[in-house]
Amino acid sequence: MSSPEIASLSWGQMKVQGSTTTYKDCKVWPGGSRAWDWRETGTEHSPGVQPADVKEVVEKGVQTLVIGRGMSEALKAGIQRGLDLNC
């Protein structure tokens with residue numbers, strides 16, 4: 001099973017194939033997607049993506065992970081906190 005494709009992308013709006021929801025930010029995995037609320041894990045532009053953000057999608061079966069850095073590439077994505085992705 002593959003992840004749904006990003007159907008359209010513009011500033012502050014993402015549409016995912018197979019979903020009627022328009023996201024500001026989203027997580028996508030094989031068979032689904034959901035809104036990505038940065039407040040859930042304390043994600044901010046700096047220090048960036050948190051290990052819990054990555055772990056969630058890896059546990060859903062992602063084999064290749066793509067982390068977008070945003071339209072202005074302001075979101076840091078260097079996961080260097082010793083995250084064990086062998087979930």
Practice item. Could you tell me which non-hydrogen atom of V49 sits nearest to which non-hydrogen atom of A77, and how far apart they are? Key: CG2-CA, 4.3 Å

Exercise for review: Identify the heavy atoms of D53 and T41 that sit nearest to each other, and give their distance.
Suggested key: OD1-OG1, 2.8 Å

Exercise for review: Please answer whether the main-chain N or O of G61 pairs with a side-chain N or O of Q63 as donor and acceptor at a distance below 3.5 Å.
Suggested key: no

Check your understanding: Which is it for K76 and S46 under the side chain to side chain donor-acceptor pair (under 3.5 Å) test, yes or no, and what are the steps along the way?
Key -> CA-CA 6 Å; K76 297 198 185 305; S46 181; 4.9 Å; no

Revision key, fill the gap. Shortest non-hydrogen pair, V62 vs P30, comes out as CG2-CD, 3.8 Å

Practice item. Kindly determine whether E59 and K27 satisfy salt bridge (Lys or Arg N to Asp or Glu O under 4.0 Å), including the steps that lead there. Key: CA-CA 12 Å; E59 288 177 341; K27 296 181 180 185; over 6 Å; no

Study note, to complete from the structure: In terms of heavy-atom contacts, K15 and T22 come closest through NZ-OG1, 3.0 Å

Check your understanding: Going hydrophobic residue to hydrophobic residue with side-chain gaps under 4.5 angstrom, can you get from V28 over to W36?
Key -> no

Point to revise | Inter-residue atom distance L9.CG - Y23.OH, 0.5 Å rounding | key: 14.0 Å

Revision key, fill the gap. What one should report as the nearest heavy-atom pair of G31 and P4 is N-CD, 4.2 Å

Study note, to complete from the structure: For W29, the ring pair (Phe, Tyr, Trp, His ring centres under 6.0 Å) test, sequence neighbours excluded, returns none

Review point. Of the non-hydrogen atoms in L75 and H45, which two are nearest, and what is the gap between them?
Key: N-CD2, 3.7 Å

Review point. Is there side-chain contact between S2 and E5, with at least one heavy-atom pair below 4.5 Å?
Key: no

Review point. Roughly how far, to the nearest 0.5 Å, is the CE atom of M14 from the OG atom of S33?
Key: 9.5 Å

Check your understanding: Is it true that E56 and R34 make a salt bridge, defined as a side-chain N closer than 4.0 Å to a carboxylate O?
Key -> yes

Practice item. Hey, could you give me the OG/CG distance between S3 and L65, rounded to the nearest 0.5 Å? Key: 9.5 Å

